[in-house]
Amino acid sequence: MARDSEYILELLLDYGLVNEEQISQAKAESKSVDGSLDPVDLLQKLGYLKSEDLTAMLAQHYGMEIMDLKKYEIPDEVVQALTPDIVHHYNVVPVMRHGDMLTVAMSDPTDLETLDSIRYYLGRDVEAVVADPGQIKQLIDKYYPTAGAGGSVENLIETLGEESNDFLVETGADTSGGGTIGGAETVGEETAPVIKLVHMLIIEAYKAKASDIHLEPMEKRYRVRYRIDGALREVEGPPKFMQASFTSRVKIMSRLDITEKRIPQDGRIKMRVNDKDIDLRVSSIPTTHGESIVMRILDRASIQLDIPKLGFYADDLELVNGIINMPDGIFLVTGPTGSGKTTSLYAFLNTINTVSRKIITVEDPVEYQLDGINQVQVDRAIEMTFAAALRAMLRQAPNIIMVGEIRDLETAEIAINASLTGHLVFSTLHTNDAPGTIARLVDMGVKPFLVASSVRAVMAQRLVRRICKNCKKPYSPSKYEIQLLGMTQEYLDSHQFYKGTGCDKCGRTGYKGRVGIYEIFMVTEDLAKLIFRNEPSSTIREAARRNGMRSLRDDAIRKAEAGTTTLEEVIYTTLMDEN
């Protein structure tokens, strides 16, 4: 548990339960044993503070109910609400349940992290009551006698689901400890617990349609989170003592140097799950409490290569089809990391991929292999940079070129020259909006007249969460939403909005899946003149809006009006969008 000891000590002083001299003594003794003993616990051991007084003070301060658990009997269905590992790890005990609300007894109401973790684990609301820690321990010993540090790994594996045993896992790395190089392992046989646990966490993330897995070492625990539909959710992770072996297992699977713990490393894992091939891009970085690892899940079968399914309305779809069928010029897709830029580019290339066209891409890394397209992997170790690969590609006489990202002036100039010599060039940039891309290129050092003559269009994009169809209900926008979006009463009277109430199918979030929102900036003759004169981004944006360009927020609101997403998502995703 994460106790805010300093704050509790201040409260004890304010309530007059202890004095400054007693606190100083407790702190001094804590430091004498390297801070391993909590000063609040030491105050009790020294006889300065009674456990029941501490409990009463915390309950009074936080306005919470004190629950007497001396002779309390927990109903069977409530006992089963939490696993033994959760109960022992967080030192809480479930005491009652009302519908979807679970009430747990805890001794420290300042430990909000514990409540959040249990909410993530259960996918439901959790409230707390305050109880004496001794009484909590008695109930844990009575109702969860078999759990403990020794059995937590097997219980965790069981918690992750028996169905995982049916999955076949293939790795392209050394599987020492229970497998073969490049071979296959059946999870759930005689393999070591850490191997089973790593595989199962990955499998569960895949089944939950997570985009990445975060393994984060904290001071007293090892946190595991899945990113699902763009939002992080905490799941039960391995105990802290398994952190080193867990990290080593992942690094072995991704062919990283397990002896090197001081510098960042990148690797890749190839797996076969339920007859489907998935790749995981692995990134490791040293932190204060160990190596933090992020595994991005790349499911080849899930990539959307059909443009209409990306979320374009008919008018935007017509614009995009016109752009990707131009004979030359540059088409840039912009947005932050994880906004779906690569998926959009792959969908565009797949649409125009015909026998009569030669298409070459240069990427870092090649995330998905596209049939009929020549894909080049950047490798800086041998000086195969974007610029070097782009120069070589031009000698291959391609019709269409895709550059994974324009990162510097050299790459930008080669791409522009290619577009001016009859090639259609696709690429990405990291900018907040579409018109802002012009300023970004000029800031790189590209001459404004080259930008004006080569860039045909820029598309900014984001991803918003879709409302879960299973629990979708109409609702009235809040005053905050109405004010922030500038909605009139007339507008509200003529539109109906929706949101998800939360159900088992969406993990109680109200959302399931994501869809794109888009801002398409077409470089017309009038706008090209403004770019040529190096006018500021605000001027170019205003002119583009007058010419009919819809902003990201405009497109997001259209999707909210259609019941695809919520106004909450509109505001969160387009908070920085100029409206």
Side-chain angles (χ1 to χ4, degrees), residues 211-212 227 229-232 281 294 296 298 302-305 307 309-313 316-317 319-320 323-324 330-350 361 363-365 367-368 386 402-408 411-412 415 425-444 451 455-466 511 513-523 537 540-541 544-545 549-560 564-565 569-579:
S211 59
D212 44 54
R227 189 180 296 279
D229 295 336
L232 284 169
R281 277 169 48 190
V294 175
R296 186 176 184 189
L298 305 174
S302 70
I303 185 171
Q304 190 57 257
L305 297 179
I307 294 179
K309 292 182 180 178
L310 295 178
F312 290 105
Y313 281 117
D316 285 343
L317 186 59
L319 277 177
V320 167
I323 296 166
I324 64 177
I330 296 179
F331 180 26
L332 295 170
V333 179
T334 76
T337 301
S339 60
K341 299 187 299 296
T342 300
T343 299
S344 293
L345 285 175
Y346 280 172
F348 298 156
L349 293 178
N350 187 64
T361 74
E363 305 169 60
D364 183 24
E367 293 190 359
Y368 300 95
F386 278 115
M402 193 270 272
V403 183
E405 184 182 351
I406 294 179
R407 298 180 178 176
D408 51 46
T411 305
V425 180
F426 294 87
S427 192
T428 69
L429 271 178
H430 290 278
T431 59
N432 289 330
D433 63 359
T437 303
I438 305 303
R440 177 79 180 93
L441 289 171
V442 173
D443 288 343
M444 279 185 182
V451 177
V455 176
R456 297 286 181 265
V458 182
M459 184 180 81
Q461 71 176 73
R462 302 284 191 279
L463 294 175
V464 294
R465 290 183 291 176
R466 288 181 181 269
Y511 298 98
R514 290 191 289 176
V515 66
I517 57 171
Y518 305 96
E519 177 180 272
I520 302 175
F521 172 69
M522 298 292 299
V523 181
S537 293
I540 295 173
R541 182 175 181 80
R545 294 295 298 273
M549 182 190 80
R550 268 185 299 274
S551 68
L552 287 165
R553 175 161 289 182
D554 292 337
D555 194 41
I557 289 176
R558 283 205 297 177
K559 290 181 169 69
T564 303
T565 190
E569 278 291 286
V570 171
I571 293 170
Y572 174 78
T573 310
T574 65
L575 193 59
M576 302 303 293
D577 184 37
E578 296 179 28
N579 207 14

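Along the sequence shown, the residues carry numbers beginning at 1.
- I330 is not listed as a side-chain neighbour of S427, based on a closest heavy-atom distance of 4.5 Å or more.
- Of all heavy-atom pairs between T343 and L310, the closest is CG2-CD2, 4.0 Å.
- One finds a salt bridge joining R541 and E519 here, because a Lys/Arg side-chain nitrogen approaches an Asp/Glu carboxylate oxygen to under 4.0 Å.
- In this structure, Y313 places its OH atom where more than 12 heavy-atom neighbours from other residues, nucleotides or ligands lie under 6.0 Å away.
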Derivation of the side-chain contact (heavy atoms from CB on, under 4.5 Å) call for F312 and L319: CA-CA 10 Å; F312 290 105; L319 277 177; over 6 Å; no

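- Closest heavy-atom contact between M444 and A412: SD-CB, 4.3 Å.
- Between the side chain of H430 and the backbone N or O of G335 there is at least one donor-acceptor pair closer than 3.5 Å.
- Shown here for G404 and F386, the closest heavy-atom pair between the two residues is N-CE2, 3.7 Å.
- No donor-acceptor pair closer than 3.5 Å links the side chain of N350 to the backbone N or O of A347.
- Ion pair K559/D555 flagged as a salt bridge, since at least one NZ, NE, NH1 or NH2 atom sits closer than 4.0 Å to an Asp/Glu carboxylate oxygen.
- Salt bridge absent: D443 and R440 never bring a charged side-chain N and a carboxylate O closer than 4.0 Å.
- Paired with T431 under the rule side-chain contact (heavy atoms from CB on, under 4.5 Å), one option of T437, L441, I438 passes, and it is T437.
- Between the CZ atom in F331 and the CZ atom in R456 there is a gap of 13.0 Å [rounded to 0.5 Å].
- For the atom pair CZ of R465 and OG1 of T565, the computed distance is 8.0 Å after rounding to the nearest 0.5 Å.
- R545 contributes a side-chain N or O that, together with a main-chain N or O of M549, makes up a donor-acceptor pair within less than 3.5 Å.
- Residues passing the side chain to side chain donor-acceptor pair (under 3.5 Å) test with Y511, sequence neighbours excluded: T566, E568.
- Relative orientation of the Y346 and Y368 rings is perpendicular, given thresholds of 30° and 60° on the angle between their planes.
- Checking D316, I517, I520 one by one against R550, the side-chain contact (heavy atoms from CB on, under 4.5 Å) holds for a single residue, D316.
- Of all heavy-atom pairs between K341 and V333, the closest is CD-O, 3.6 Å.
- A pairwise comparison of heavy atoms in L298 and R281 identifies CD1-CD, 3.6 Å as the closest pair.
- Between M459 and I323, every side-chain heavy-atom pair lies at or beyond the 4.5 Å cut-off.
- Interatomic distance, T428 OG1 to L332 CG, rounded to the nearest 0.5 Å: 8.0 Å.
- Distance check: E405 CD to L345 CG gives 11.0 Å after rounding to the nearest 0.5 Å.
- Rounding to the nearest 0.5 Å places CD of E569 at 12.0 Å from OG1 of T564.
- Across A556 and T574, no two heavy atoms sit closer than the pair CB-CG2, 4.3 Å.
- Separation of atoms CZ (R514) and CZ (R462) is listed at 12.5 Å; rounding is to 0.5 Å.
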